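Notes follow the structure.
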2 protein chains.
Amino acid sequence: MQNKLHLDKLDYQIIQEMMVNAEVSYADLGKKLFVSGGTIHVRIKKLEDSGIVQGRRLAVDLKALGYDVVAFIGIYLEKSSMYDAVAKELKKIPQVVRVNYTTGNYGMFIEIVCKDIQQLRYVLHDELQKIKGIDRTETIISLEESFSRNVIIATD
Amino acid sequence: MQNKLHLDKLDYQIIQEMMVNAEVSYADLGKKLFVSGGTIHVRIKKLEDSGIVQGRRLAVDLKALGYDVVAFIGIYLEKSSMYDAVAKELKKIPQVVRVNYTTGNYGMFIEIVCKDIQQLRYVLHDELQKIKGIDRTETIISLEESFSRNVIIATD
DNA sequence: ATTGAAAGAGTCTCAGT
DNA sequence: ACTGAGACTCTTTCAAT
């Protein structure tokens with residue numbers, strides 16, 4: 001997990017390509033980027049050893065799996081010092097997929113994914129409200145996701 | 001992309017495991033779930049054909065790559081009918097990674113990832129403000145991400 | 001650091017159950 | 001629908017540059 005590591009254009013190109021599609025073979029990706037498959041392999045190994053590349057994940061269409069309801073929730077904390085304790089409780093709720101400590105109106109900002117509105121209601125009303133340190137919450141429900149993608153990294 | 005497809009416990013288990021780590025071999029995953037590697041292969045093929053599994057992605061530590069600044073932005077639209085046009089413009093901005101049409105105060109809610117505060121300022125001030133249809137925006141900056149994970153799917 | 005080839009490991013297909 | 005084995009492809013290692 002060292003961090004002082006010089007990345008060149010090829011490294012950035014490999015990351016950019018494989019963030020979108022990690023199924024491409026090293027030989028094919030090498031052809032596209034004008035190096036050998038062996039070089040792709042060495043670079044990816046370097047990126048994995050340095051911790052920049054953390055692994056490969058299956059990309060799943062949650063909507064097709066029945067997880068239709070995405071909501072963003074702003075949380076007002078009683079005291080901002082309670083952030084860590086509240087985050088720990090939130091992690092126990094399976095539907096909570098992301099927790100951020102934030103500036104602005106809310107002390108924290110979270111994202112939850114549910115199978116339906118009933119489950120959302122349950123999480124909001126029964127799960128969140130009983131966590132000590134949460135004052136009140138504001139819910140933003142996503143009616144439609146236009147797009148979701150990785151940041152487009154600069155390749156130089 | 002057919003959608004009426006019965007998934008059993010094994011399918012859900014495979015998805016759950018490989019959402020976290022897609023590098024495991026079919027033989028090893030089969031051992032863990034008490035079936036053969038061939039069966040894992042058939043199930044994954046079925047999930048890919050149905051569109052539930054969309055591919056494999058490289059998981060990258062954006063912070064280690066220098067993308068330190070994550071912000072959520074609530075956008076007030078002049079008219080909600082302008083949503084599609086605004087979304088299209090937002091897609092042209094590389095730092096915008098997610099766009100949602102939402103209920104609540106904001107007509108839309110987006111996420112952006114930047115290399116530093118200067119870049120955030122540029123996106124907020126120069127890029128967003130010149131999009132027709134955006135009335136005003138409210139920015140929530142993430143000071144720290146407690147965690148980010150996939151939804152924990154029910155395996156039955 | 002990159003290459004190309006050989007060794008090793010994994011995926012994919014298929015006949016049998 | 002699952003299994004195990006064979007064919008095939010990819011990753012990984014390594015000697016040479």
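Both backbone and side-chain heavy atoms feed into the values below; hydrogens, waters and symmetry mates do not. Each chain gets a letter, A, B and so on, in the order the sequences are listed, and its residues count up from 1. In this text, all values refer to a predicted model and were calculated from it rather than measured experimentally.
Between the B/Asn100 side chain and the B/Thr102 main chain, no donor and acceptor come within less than 3.5 Å of each other. Put simply, the side chain of B/Asp28 never gets that close to the backbone of B/Lys31: no donor and acceptor are under 3.5 Å apart.
Nearest-nucleotide assignment on DNA chain D puts the 5′-proximal partner with A/Asp28, out of A/Lys45 and A/Asp28.
Within 4.0 Å of B/Val42, counting heavy atoms only, lies no atom of the nucleic acid at all. B/Ser25 comes within contact range of the sugar-phosphate backbone alone, with a heavy-atom separation under 4.0 Å but no base atom that close.
Between the NE2 atom of A/His6 and the P atom of C/dA1 there is a distance of 11 Å, given to the nearest Å. Spacing between atom NZ of B/Lys46 and atom P of C/dT13 amounts to 17 Å, rounded to whole angstrom units. Across the protein-nucleic acid pair, A/Asp49 atom CG and C/dA1 atom P stand 14 Å apart, rounded to whole Å. Summarising the geometry, the separation between CD1 on B/Ile40 and C1' on C/dA9 is reported as 17 Å, rounded to the nearest angstrom. Whole-Å rounding puts the A/Leu58 CG to C/dT11 C1' distance at 15 Å. Atom NE2 in A/His41 sits about 12 Å away from atom C1' in C/dA9, given to the nearest Å. Atom CE of B/Met18 is separated from atom C1' of C/dG10 by 12 Å (rounded to the nearest Å). The nearest whole Å value for the distance from the OH atom in B/Tyr26 to the C1' atom in C/dG10 is 9 Å.
Ring centroid separation for the pair B/Phe109 and A/Phe109 comes in under the 6.0 Å cut-off.
Counting 5' to 3', DNA chain D first comes under 4.0 angstrom of a heavy atom of chain B and last does so at the ends given by D/dC2 to D/dT3.
Remark: A/Glu111 does not engage B/Arg149 in a salt bridge, criterion side-chain N to carboxylate O under 4.0 Å. Under a 4.0 Å N-O distance rule, the pair A/Arg57/B/Glu23 does not qualify as a salt bridge. Taking 4.0 Å as the cut-off between side-chain N and carboxylate O, B/Asp126 and B/Arg121 do not count as a salt-bridged pair. A salt bridge does not link B/Lys63 with B/Asp68: every distance from a Lys NZ or Arg NE/NH1/NH2 to an Asp or Glu carboxylate oxygen is 4.0 Å or more.
At C/dA1, none of the side-chain N or O atoms of A/Arg43 fall inside 4.0 Å of OP1 or OP2 (strictly under the cut-off).
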